[in-house]
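All chains are named by letter (A, B, ...) in the order of the sequence lines, taking the proteins before the strands, and each is independently numbered beginning at 1. Just so it is clear, the model here is predicted, and its values are computed rather than measured.
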Amino acid sequence: MDKTYQPQDIETRIYQNWEQSGYFRPSGEGTPYSIMIPPPNVTGSLHMGHGFQDTIMDVLTRYHRMAGCNTLWQPGTDHAGIATQMVVERQLLEQGETTRQELGRDAFIEKVWDWKEKSGGTITKQLRRLGASPDWSRERFTMDPGLSHAVQEVFVELYNEGLIYRGQRLVNWDPKLHTAISDLEVVSEEEDGFMWYFRYPLADGSGDVVVATTRPETMLGDTCVAVNPDDERYQDLVGKEIALPFCQRNIPVVADDYVDAEFGTGCVKITPAHDFNDYEVGQRHDMPLINIFTADAKINEVAPEAYRGLTREEARKQIVADFDEAGLLVKVEPHKLKVPRGDRSGVVIEPWLTDQWYVDAKTLAKPAIEAVESGDIQFVPKQWENTYFAWMRDLQDWCISRQLWWGHRIPAWYDDQGKVYVGRSEEEVRSKNDLGDRPLRQDNDVLDTWFSSALWTFSTLGWPEETPELKTFHPTSVLVTGFDIIFFWVARMIMMTLHFKREVPFHTVYVHGLVRDGEGQKMSKSKGNVLDPIDLIDGIDIDTLVEKRTTGLMQPKMRAKVEKKTRKEFPEGIGAYGTDALRFTYLSLASTGRDIKFDMGRIEGFRNFCNKIWNAARYVLMNTEGHNCAQDGSENYELSLADRWIISRLQHTEKTVAEAVSSYRFDIASQAIYEFIWNEYCDWYLELSKPVLWNDDSPEALKQGTRRTLIRVLETALRLAHPFMPFITEEIWQRVKTLAGQSGESIMLAAYPVASDEKIDPEAEANIEWLKSFIDGIRTIRGEMNIAPGKPIPVLLRNASELDQSRLNANSSTLLSLAKLDTATVLASDEVAPMSATALVGDMEVLVPMAGLIDKDAELARLDKEITKLEKEVARISGKLNNQGFVAKAPEAVIEKEREKLAAAELAFKKLGLQRDEINSL
RNA sequence: AGGACUAUAGCUCAGUUGGUUAGAGCGCUACCUUGACAUGGUAGAGGUCCCCAGUUCGAAUCUGGGUAGUCCUACCA
């Protein structure tokens, strides 16, 4: 074995073996356990969020697989309508300088499929690098025939039930992408703008009103002006008419509660066709809808000629100028306002009147709310349930049609009268409706991507067929997801699944945090602070990293800044830490309810941990290979105290890990594994094994027991750690399994360790604790008194109880060896000790004679420090115990504990004080 | 405007139903090439648990009020 762990040599080889051997497939036996991957965009690539999320799912999957469950992790990808279409459109422009319109629908879709074939494998390849173990043979894509069939079925069914309908109303229109988008796809951010105050003259010439607006251009579509009914200033105006400037139209003044008298002038211009609130007001007062925009958000032919063809921005300028010129511009004020933009296009969204398809979300929401209320679905952490409820209880109907080409085309056909027929195919529609050969035209729109993702838990399992997989693995066990798609995806999955399967899609929703950079910033390409999980696995040199981060930046100005920051943060680039270190880092940071700042210090620490495991294995193999490790089932071995101790500690660790995984506390689980392997197995057990194995006088039975324990505890710890760090554990396991009496092809198919209470040995633990505190005491004296670690020293033991003496006798060779002692001599009660440095092990004093080794003043200083500490401790506890309230009200056990602590502290205080006086007097 | 979350060592984070000497990793200091590992070992320094008040015998932990930060939802033209 190499002296250091080299992950890159082994990871790919091991992964290929796993996948080719079919180990990722469900075993077909045991309790079903299933997880559906949140399908990433098919043409996307792996980012840190995926890395985090998929590591968690893989831990759960590997854990349950090893625990004997019939485990399915279902992989797949999403067609990501808008995102993918945009990418391909951009490529068309760059390569051939054509638009999709020039190309035509069918040819364009073909291009998208080409692109999907070409780049669709990227993210799944990267997932493999992460060690993910989904059943790739079952990989699905949301536009596969089977899933498309499910989509069609759901659409037709919902339509027949009246839960999908077509309607004309205001939608969020993206003037760049030329499609409607749902409320969720609109992001509103505060931006600096202006508030314009315009004077609108009354038609009868008797005066005017002043309206305030942030969108002057919409005045072309005004149909009335509204005031608050209780606003005394404007009582007389209600019912009068206004001559709308530049438009040759008169519009009425109406009274409506919507208007806040305090805001602006208290007079609001109402544009029902271009504002959601105005739409409502318009409905209440029976106002017409005057649409003044084209699909590009340019002024259309309904508006006065002077403005036609202008963009929104141009029209705004022109109209403000015209008001100014007409003397009707009262004032302009700077004003902060929330501007709605499309999450994909980034352009300002226009409320626009169109025909769209809607899902009656309110009806579907009711059972979905109940499922969470009743606990059929539980969120972890629980507080997300509030978010879910808040949204679900105020749900608007879901606009599901998109004016795109890439996606599931809506299964609706129109005849020449414009009458709509919904069905699974044109043939079905024709025959069911007796349409003969009347011309039919299919709806041009496609469905929102989230419509198909909403069916993911059951469509991937073959629905609407009642497949065996569907029966076995649905409902799924847990959904692992980020909070950002609770509304987009989780809620809609719950609604759809309850409606069509009459059961929940999953029992638990584990909501994890966002992965941020070391400074807590969101990682984004435009900030140039993105870390690629693959770079953390393989490493990357600084120039390549800078190149990667600075290409494709939106603002060229950022380039220098990003480069500088990157070079400062990673002067040497990024080292190759390996997959296991990366996974362990994610997991150790995965405490609930909080975002994670990715800390490079952590991943380096866990790379070192991998190396530690590797070298521990080297030591174990050196001492077991070619030796009798009692692996043949013979009973001719004897377990030492250390053996019993480490076996006992292992049981505790197994318990902790099991509890932690079942409560999704991967940080606790990974820490327990880390501490066991490093602080107990390596730091103490391996050291304790040396005196046994290296001493020619040790009985063979004891050596066999030690070898057996060395190899078996290592082998068990590997299985315990395997879900967390799959590669290194497999690599080592293959070398140790036979010696440990295990067979089997792969660690990932081996049984997960289960704690056994009989192996917990409190006596062994107490004895080793005694031994450790003895050794630690000596080491502290050595460390603080600058005695060379290797220099053998004699120690004297004062006030040793019978138990101390028997422990000493039982462990003297270990003790002498680990503490590098010359001798350890028990003093009789009347014996006088020479001047010594002191360590306390319980009541026993361990004395290191100072002669020639220790400076008197140094030891005095050391004792003083100890004594001061103890003094404070004594004062603190006795204060507590003298408090009548404490003694009267605290539980007896707590009081008893305090008394014991006080006694121990007082004793130590007294002993060290005497020792101090003794040294001082010499 | 409403709501959620966060605040603990220089940095990144644990701290289970109130009872610890408040912990880990990284970083820092000193010493150590001891036959698994310098990606290591041993010892050590380092904390007003954001602030104020309250409940309690006892508060990092519970309550109220602040402060700072992050995020979500809804928005006034």
Side-chain angles (χ1 to χ4, degrees), chain A residues 1 3-5 188 195 211-215 218 226 258-260 262-271 275-278 335 337-338 381 383-384 386-387 390-391 394 483-484 486-487 513-514 516 518 520 522 575 577 581 588-589 591 593-623 659 663 665 667-668 671 674-675 679 682-683 686-687 690 694 776 779-790 820 869-870 872-873 876-877 880 883-891 893-895 897-898 901 905:
Chain A
M1 282 172 89
K3 203 171 160 182
T4 52
Y5 174 55
S188 292
M195 178 83 89
V211 297
T213 181
T214 54
R215 298 208 53 195
T218 61
Y258 160 71
V259 179
D260 176 0
E262 306 297 315
F263 190 87
T265 60
C267 297
V268 188
K269 60 187 263 327
I270 301 294
T271 321
D275 183 282
F276 291 102
N277 287 309
D278 291 8
H335 182 73
L337 71 162
K338 293 274 181 128
Q383 77 245 17
W384 290 109
N386 292 330
T387 310
W391 191 68
D394 187 31
F483 60 85
D484 48 335
I486 288 181
F487 304 141
L514 205 69
R516 298 169 176 279
K522 224 172 179 164
Y577 296 114
S588 71
L589 292 169
S591 53
R594 124 181 238 159
D595 286 351
I596 66 175
K597 285 190 222 177
F598 196 83
D599 181 13
M600 293 302 293
R602 285 276 182 124
I603 194 171
E604 192 170 332
F606 292 129
R607 189 266 320 256
N608 296 352
F609 179 49
C610 291
N611 194 52
K612 190 75 179 177
I613 298 175
W614 185 256
N615 276 289
R618 286 179 63 213
Y619 168 81
V620 172
L621 285 169
M622 257 175 226
N623 287 286
E659 281 168 17
S663 55
R665 286 301 303 269
D667 57 328
I668 294 176
Q671 198 186 346
Y674 182 95
E675 282 176 357
N679 301 338
C682 291
D683 284 353
L686 294 191
E687 295 307 318
K690 287 173 185 174
W694 293 353
D776 282 340
R779 283 178 179 167
T780 304
I781 292 173
R782 268 188 202 275
E784 296 198 356
M785 295 298 115
N786 279 321
I787 302 171
K820 300 283 190 309
K869 224 159 108 184
L870 286 165
K872 281 186 191 152
E873 172 89 353
R876 196 180 55 79
I877 304 173
K880 215 172 188 178
N883 181 338
Q884 287 308 310
F886 176 71
V887 182
K889 296 197 177 170
V894 173
I895 299 172
K897 207 170 140 194
E898 291 298 316
K901 278 195 316 203

Check whether any side-chain nitrogen or oxygen of A:Arg215 sits under 4.0 Å from OP1 or OP2 of B:rA77, and answer yes or no. no
Can you tell me if A:Asn615 uses its side chain to pair, donor with acceptor, with the backbone of A:Thr4 under 3.5 Å? no
Base, sugar-phosphate or nothing for A:Asp776? Non-hydrogen atoms, less than 4.0 Å. sugar-phosphate
Can you tell me if A:Asn623 uses its side chain to pair, donor with acceptor, with the backbone of A:Tyr619 under 3.5 Å? yes
Using a 4.0 Å heavy-atom cut-off across all strands, classify A:Val259 as base, sugar-phosphate, or nothing. base
Ranking B:rA77, B:rU70, B:rU39 by distance to the side chain of A:Tyr258, first place goes to B:rA77
Looking only at side-chain N and O atoms, does A:Lys880 come under 4.0 Å of OP1 or OP2 in B:rG19? no
What nucleotide, of B:rU20, B:rA14, B:rC57, holds the atom closest to the side chain of A:Lys901? B:rU20
Take the protein atom NZ of A:Lys3 and the nucleotide atom P of B:rC37, then report the distance between them rounded to whole Å. 5 Å
Using the C1' atoms only, state how far B:rU67 lies from B:rC76, rounded to an integer number of Å. 29 Å
Taking B:rA45 as the reference, what is the distance to B:rC52 when you measure between their C1' atoms (whole Å, please)? 32 Å
Closest-nucleotide ordering on RNA chain B, the 5'-leading residue of A:Asn623 and A:Leu589: A:Leu589
Answer with yes or no whether A:Arg594 presents, from its side chain, a donor or acceptor under 3.5 Å of a partner atom in the base of B:rU6. no
What integer distance in Å separates A:Ile596:CD1 from B:rC13:P? 9 Å
For the residue pair A:Phe606 and A:Tyr674, is the inter-centroid distance of their aromatic rings smaller than 6.0 Å? yes
CD1-NZ distance between A:Ile895 and A:Lys889, expressed to the nearest 0.5 angstrom: 12.5 Å
Tell me, yes or no, whether the heavy-atom count around A:Lys869 atom NZ, taken from other residues, nucleotides or ligands under 6.0 Å, exceeds 12. no
Mind checking if A:Lys597 touches a base, just sugar-phosphate, or nothing, with heavy atoms under 4.0 Å? sugar-phosphate
Checking all strands, does A:Cys682 fall into the base, sugar-phosphate, or nothing category for heavy-atom contacts under 4.0 angstrom? base
With a cut-off of less than 4.0 Å, is there a side-chain N or O of A:Asn615 near OP1 or OP2 of B:rG40? no
For A:Ala888, report the nucleic acid contact type (base, sugar-phosphate, nothing); a contact means any heavy atom under 4.0 Å. nothing
Is there a stack between A:Trp694 and B:rG35, judged by ring centres under 5.5 Å and planes under 30°? yes
Decide yes or no, distance alone: a donor-acceptor N/O pair under 3.5 angstrom between the base of B:rC37 and the side-chain of A:Lys612. yes
Could one point to a donor on the side chain of A:Glu687 or the base of B:rA36 with an acceptor on the other under 3.5 Å away? yes
Scan for salt bridge (charged side-chain N to carboxylate O under 4.0 Å, His left out) pairs involving residues 602-620 of chain A, sequence neighbours excluded, and state none if there are none. A:Glu604-A:Arg607
Report which part of the nucleic acid A:Asn883 touches: base, sugar-phosphate, or nothing (heavy-atom distance under 4.0 Å, all strands). sugar-phosphate
Would you indicate which nucleotide in B:rC71, B:rU21, B:rU73 comes nearest to any side-chain atom of A:Lys869? B:rU21
Roughly how many Å apart are B:rC11 and B:rA30, using the C1' atom of each and rounding to a whole number? 22 Å
Mind checking if A:Phe598 touches a base, just sugar-phosphate, or nothing, with heavy atoms under 4.0 Å? nothing
Could you tell me whether the side chain of A:Arg602 has a donor or acceptor atom within less than 3.5 Å of a complementary atom in the base of B:rU12? yes
With respect to the phosphate group of B:rA77, does any side-chain polar atom (N or O) of A:Lys269 fall under 4.0 Å of OP1 or OP2? no
Please check this pair: side chain of A:Arg516 against backbone of A:Phe598, looking for a donor-acceptor N/O pair closer than 3.5 Å. no
I'd like the C1' distance from B:rG58 over to B:rG66, given in whole Å. 25 Å
Assign A:Leu686 to base, sugar-phosphate, or nothing according to its heavy-atom contacts below 4.0 angstrom with the strands shown. base
Of A:Glu784 and A:Gly601, whose closest RNA chain B nucleotide lies nearer the 5' terminus? A:Gly601
Is any side-chain nitrogen or oxygen of A:Lys690 closer than 4.0 Å to OP1 or OP2 of B:rA36? yes
So what's the dot-bracket for RNA chain B: Watson-Crick or G-U pairs under 3.5 Å, [ ] if a pair crosses, | if it pairs off-strand? (((((((..((((.....[...)))).(((((.......))))).....(((((..]....))))))))))))....
Would you measure the distance from the C1' atom in B:rG18 across to the matching atom in B:rG54 and give it in whole Å? 15 Å
Does B:rG41 have OP1 or OP2 sitting under 4.0 Å from an N or O in the side chain of A:Lys820? no
Between B:rA9 and B:rC71, how far is it from one P atom to the other, in whole Å? 22 Å
Side-chain N or O of A:Lys897 closer than 4.0 Å to phosphate OP1/OP2 of B:rU20: no
For A:Ala390, answer base if it contacts any base atom (sugar-phosphate contacts may also be present), sugar-phosphate if it contacts only those atoms, and nothing otherwise; contact means non-hydrogen atoms under 4.0 Å. nothing
Contact class for A:Thr387 vs. all strands (heavy atom < 4.0 Å): base, sugar-phosphate, or nothing? nothing
Closest to the A:Asn277 side chain, choosing from B:rU39, B:rC75, B:rA77: B:rC75
A:Asp776 versus A:Arg779: any side-chain heavy-atom pair under 4.5 Å? yes
Side-chain N or O of A:His335 versus OP1/OP2 of B:rA77: is the shortest distance under 4.0 Å? yes
Shortest side-chain distance from A:Met622, nucleotide among B:rA36, B:rA43, B:rA77: B:rA36
Rounded C1' spacing from B:rG64 to B:rU55 in Å: 10 Å
Rounding to 0.5 Å, atoms NZ (A:Lys901) and CZ (A:Arg876) come to a distance of 5.5 Å
Spacing of the P atoms in B:rG23 and B:rU16 (rounded, Å): 14 Å
Presence of A:Arg665 side-chain N/O under 4.0 Å of B:rG15 phosphate oxygens OP1/OP2: yes
At 4.0 Å (heavy atoms only), tell me whether A:Arg607 reaches a base, stays on the sugar-phosphate, or touches nothing. base
Among B:rU39, B:rC71, B:rA77, which nucleotide has an atom closest to any side-chain atom of A:Leu337? B:rA77
